[in-house]
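Shown next, in structure tokens, is the structure this report addresses.
Bear in mind the structure is a predicted one, so any value in this text is a computation, not a measurement.
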Amino acid sequence: GIDLQLPVYALARRGRFPEERIGGLFYWPLGSPLLAAAAGEEEAEATTASDFDPKNRPSGIFAEDIAEGLDGAVGPGEASPVFGFSRTKSGKLNATRQSHWPPDAFEALLATAGGLLQRTAEAIAAGRNEIRPFRMGAVKACDHCDFRTVCRRPVRDAATPFRLLDKQNRKNFCAALDASGGGDQP
């Protein structure tokens, strides 16, 4: 897995509050304002969505059936200034955006992350901790790793090749999740 941080947080929350639905996973930049509103209130008085700097808006993914709850002010032909989704002129979520997922695919993603986390924990407990860095195009895991100074893999070690990953868009990733039945690595 390239980025398991948010799914791991979601699974931890689900473990603590199993009755609550996890509908979205977002990185929320520290510079972004929070909208304080009570349940049923349209928008907060002190801060509105127009106060969001596009560079500081949250990024992530969500189940498409919660879009209305995230930003109910987005009408046909409009975009959310906060959550990175837009609607077509007919009011449907724009399919070219990667942020919204079908609810079953969103759940399959969490199941896949949970399965990967479980297999990783079992491998570590069994004493297996292989060096398996990835490369996706020009990006290598080692380029962003904070542990290069203690890594057992020298940067130019040809004996430990990179796992080559293909970039996937949401549609292809969801198809791979569907084909695997969820809970397994796509």
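The closest side-chain heavy-atom distance from P7 to T112 is not below 4.5 Å. At least one side-chain heavy atom of C142 sits less than 4.5 Å from a side-chain heavy atom of F162. Side-chain contact between I66 and H100 is absent, with no heavy atoms from C-beta onward closer than 4.5 Å. At a threshold of 4.5 Å between non-hydrogen side-chain atoms, the residues I61 and L109 count as touching. Looking at heavy atoms from C-beta onward, P102 lies out of side-chain contact with E107 at the 4.5 angstrom threshold.
To the nearest 0.5 angstrom, L110 atom CG is 6.0 Å from L25 atom CG. Note: T120 OG1 to Q118 CD = 9.5 Å, rounded to the nearest 0.5 Å. Once rounded to the nearest 0.5 Å, the distance linking CE of M136 with CG of L164 reads 10.5 Å.
In terms of heavy-atom proximity, D65 sits nearest to P103 at OD1-CG, 3.5 Å. Nearest heavy-atom pair across S99 and G60 is CB-O, 3.6 Å. The two residues L4 and A113 make their nearest non-hydrogen contact at CD2-CB, 3.9 Å. Shown here for A63 and F106, the closest heavy-atom pair between the two residues is N-CD1, 3.9 Å. For the pair F85 and L70, the tightest heavy-atom approach, listed with the atom from each and the gap, is CE2-CB, 4.5 Å.
Look at R135 and D143 and you find no salt bridge, because none of the NZ, NE, NH1 or NH2 atoms lies under 4.0 Å from a carboxylate O. In summary, E20 and R13 engage in a salt bridge, as defined by a charged side-chain N under 4.0 Å from a carboxylate O.
No donor-acceptor distance shorter than 3.5 angstrom exists from the side chain of R87 to the backbone of N94, with no hydrogens or angles considered. In this structure, the side chain of E78 engages the main chain of G75 through a donor-acceptor pair within 3.5 Å.
Between F26 and F62, the two ring planes are parallel [angle under 30°; tilted spans 30° to 60°].
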